[in-house]
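All values reported here derive from a predicted model rather than from experimental measurement.
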Amino acid sequence: YRYMGASGDTMPLHSENEFARQFGFPGIIMHGNCTFAVATKTLTEHTVDGDISRIKRLAVRFSRWVTPYDTITTRVYRAGQRDGRTFYSFETALADGTLCLSDGLLEVEGV
């Protein structure tokens, strides 16, 4: 609910269970960008010690919706280095292994 106010996206899919159920969801779903923000927090903690000024590129594919009650896990893989930059791939999955964020790419300045 807090993300709705911050994002300005007041779509009832994110706040009204009955509305969300009309579209085949089990109830309210999280904003995709909220899921991405949670994953990004993990990424920045494990790759740049929270120094977001080092991030040069961040991309991801939204693969599946997430409910506020789901547990998600983000896996980060070092993918290489080039021209003073380090590249990471990442993915975020639900507890059953289903990906909700896939094909993630993080490019950071420095090693």
Looking only at heavy atoms, what is the nearest atom pair of [X] and [Y], with distance?
{"X": "Arg64", "Y": "Leu94", "result": "NH1-CD1, 3.1 Å"}
{"X": "Pro26", "Y": "Arg21", "result": "O-NE, 3.2 Å"}
{"X": "Ser15", "Y": "Ile28", "result": "C-CG2, 3.4 Å"}

Give a yes or no on whether the backbone of [Y] and the side-chain of [X] come within a donor-acceptor separation of less than 3.5 Å.
{"X": "Arg61", "Y": "Ser102", "value": "no"}
{"X": "Asp51", "Y": "Ser53", "value": "yes"}
{"X": "Thr44", "Y": "Lys41", "value": "yes"}

With a 4.5 Å heavy-atom cut-off, do Met30 and His14 have their side chains touching?
-> no
Under 4.5 Å between any side-chain heavy atoms of His31 and Asp9, yes or no?
->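 Side-chain contact under 4.5 Å: yes.
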Other than [X], which residues form its hydrophobic cluster under the rule that side-chain heavy atoms must be closer than 4.5 Å?
{"X": "Leu101", "value": "Phe36, Leu43, Val48, Ile52, Ile55, Leu58, Val60, Phe62, Val76, Tyr88, Phe90, Leu106, Val108"}
{"X": "Tyr77", "value": "none"}
{"X": "Leu105", "value": "Phe87"}

Before giving the answer on side-chain contact (heavy atoms from CB on, under 4.5 Å), spell out for Val66 and Ile72 the whole-Å C-alpha distance, their side-chain angles and the decisive distance to 0.1 Å.
-> CA-CA 9 Å; Val66 176; Ile72 59 174; 4.1 Å; yes
Looking at [atom1] of [X] and [atom2] of [Y], how far apart are the two atoms once the value is rounded to the nearest 0.5 Å?
{"X": "Glu107", "Y": "Arg82", "atom1": "CD", "atom2": "CZ", "value": "7.0 Å"}
{"X": "Leu13", "Y": "Gln22", "atom1": "CG", "atom2": "CD", "value": "9.5 Å"}
{"X": "Glu91", "Y": "Arg75", "atom1": "CD", "atom2": "CZ", "value": "4.5 Å"}

Going by distance alone, is a donor N or O of one side chain under 3.5 Å from an acceptor N or O of the other, for Thr74 and Thr92?
-> yes
Should Ile29 and Phe23 be counted in the same cluster of Ile, Leu, Val, Met, Phe, Trp and Tyr side chains packed under 4.5 Å apart?
-> yes
